[in-house]
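Okay, structure first, notes after.
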Amino acid sequence: MEGDAWKTATSGTLVERISENSYGVHVEPDKISIKVEDAEEDWAAPDVVIGRADEKWIQIDRPFAKADKVDFPAVLTKVGSTATIGGLVVTDEHLMLRHALLLTDALEPDDDYDYDLEYETPLDMIVNAARRLGRQLAGHNDDDS
């Protein structure tokens, strides 16, 4: 699937919607990167990445710290005690929050918000939770933790 992940009609619609509604979108053959507008000044916060897990699923990833800079038990405790959706993964040197969503569900209207699609709520939750965890556990921009 690598290289043609966004070629289906449903995937194309998702790419189109994300491009219309997000800041700093960069579409690559196997992922969509979205710039984080308020990235912490003291850490070059990587983009949020939406990728295809397989033909049916997408995943949303947001790094929040370098793996060697945080206390893992504290991270697991903090993630476990929040209402954060998704999972916790280590990729390369980064700790990331991850959420998986069926592609068909991602484009459904969100019943709670008139103009949103289902992918937008977990995207916002992952971005905000990663920002909060980065501030609380890795010392990024502690001004408003």
Side-chain angles (χ1 to χ4, degrees), residues 1-70 75-76 78-145:
M1 197 171 94
E2 190 117 349
D4 64 353
W6 305 114
K7 299 258 189 234
T8 68
T10 306
S11 296
T13 302
L14 180 65
V15 170
E16 184 178 303
R17 284 301 303 251
I18 291 171
S19 296
E20 290 172 356
N21 296 315
S22 299
Y23 164 83
V25 175
H26 181 72
V27 179
E28 297 179 31
D30 59 344
K31 66 184 177 181
I32 304 167
S33 298
I34 303 170
K35 290 273 181 230
V36 178
E37 290 183 63
D38 60 347
E40 294 83 0
E41 292 179 17
D42 61 338
W43 186 57
D47 300 341
V48 176
V49 175
I50 299 174
R52 292 292 297 270
D54 61 25
E55 275 78 24
K56 294 182 179 184
W57 292 87
I58 62 170
Q59 60 191 37
I60 302 167
D61 292 331
R62 173 71 166 107
F64 65 90
K66 295 207 178 206
D68 63 348
K69 302 292 183 196
V70 295
V75 170
L76 293 172
K78 193 62 138 173
V79 169
S81 68
T82 66
T84 303
I85 57 171
L88 181 67
V89 298
V90 177
T91 303
D92 297 323
E93 61 187 26
H94 292 108
L95 274 172
M96 291 199 266
L97 288 178
R98 173 176 287 168
H99 182 70
L101 184 66
L102 281 169
L103 178 59
T104 53
D105 290 351
L107 293 170
E108 290 294 316
D110 187 329
D111 293 335
D112 295 330
Y113 303 98
D114 291 337
Y115 300 106
D116 287 351
L117 296 179
E118 284 292 330
Y119 81 88
E120 293 174 279
T121 299
L123 176 67
D124 288 343
M125 290 177 76
I126 290 291
V127 167
N128 292 327
R131 180 182 305 117
R132 190 171 51 255
L133 289 170
R135 290 175 179 169
Q136 293 171 346
L137 299 169
H140 305 153
N141 191 9
D142 285 329
D143 295 339
D144 53 359
S145 324

task: Locate the shortest heavy-atom distance separating Trp57 from Leu101; write the atom from each residue and the value.
output: CE3-C, 3.3 Å
message: Return the CZ to CE distance between Arg62 and Met125, rounded to the nearest 0.5 Å.
response: 15.5 Å
- request: Go through the steps for Thr104 and Glu108 under the test side chain to side chain contact (heavy atoms under 4.5 Å, CB included), then give the verdict.
  value: CA-CA 7 Å; Thr104 53; Glu108 290 294 316; 5.7 Å; no
message: Contact between Thr13 and Glu16 at the side-chain level, heavy atoms closer than 4.5 Å - yes or no?
response: no
- request: Might you work through the side chain to side chain contact (heavy atoms under 4.5 Å, CB included) test for Val48 and Ile60, ending with a clear yes or no?
  value: CA-CA 7 Å; Val48 176; Ile60 302 167; 3.9 Å; yes
message: Checking the side chain of Glu20 only, and the main-chain atoms of Arg17 only, is there a donor and an acceptor separated by less than 3.5 Å?
response: no
- prompt: Taking all atoms of both residues into account, what is the closest heavy-atom pair of Val25 and Ile18, and its distance?
  reply: CG2-O, 3.6 Å
query: Yes or no on side chain to side chain contact (heavy atoms under 4.5 Å, CB included) for His94 and Lys66, after CA distance, side-chain angles and deciding distance?
result: CA-CA 4 Å; His94 292 108; Lys66 295 207 178 206; 4.2 Å; yes
message: If you compare all heavy atoms of Pro63 against all heavy atoms of Met96, which two are closest, and at what distance to 0.1 Å?
response: CA-CG, 3.5 Å
field: Spacing of Leu14 atom CG and Tyr119 atom OH [to the nearest 0.5 Å]
entry: 6.5 Å
- line: Heavy atoms of Asp47 and Ile34 approach each other most closely as CB-O, 3.3 Å
Heavy-atom pair of closest approach, residues Thr10 and Leu103: CG2-CG, 3.6 Å
statement: Sorted by chain and number, sequence neighbours left out, side chain to side chain contact (heavy atoms under 4.5 Å, CB included) with Lys56 holds for Asp54, Leu102
query: With side chains defined as the heavy atoms from C-beta onward, is the minimum distance between Leu133 and Val75 less than 4.5 Å?
result: no
- request: Would you check if Asp61 and Thr91 make a side-chain contact, meaning some heavy-atom pair closer than 4.5 Å?
  value: no
message: Just verifying a value: how many Å separate Lys78 NZ and Gln136 CD, rounded to the nearest 0.5 Å?
response: 4.0 Å
message: Show the nearest heavy-atom pair for residues Ala106 and Leu117, with the distance to one decimal.
response: O-CB, 3.6 Å
field: Results of side chain to side chain contact (heavy atoms under 4.5 Å, CB included) for Glu28 - residues two or more places apart only
entry: His26, Asp30, Lys31, Ser33
- request: Could you walk me through whether Glu120 and Asp110 pass side chain to side chain contact (heavy atoms under 4.5 Å, CB included), step by step?
  value: CA-CA 8 Å; Glu120 293 174 279; Asp110 187 329; over 6 Å; no
- prompt: Taking atom CG of Leu123 and atom CG of Asn128, what is their separation to the nearest 0.5 Å?
  reply: 9.0 Å
- request: Quick one: pull up NZ in Lys69 and CG in Leu137 and give me the separation to the nearest 0.5 Å.
  value: 15.0 Å
field: Other residues, nucleotides, ligands: >12 heavy atoms within 6.0 Å of Asp68 CG
entry: yes
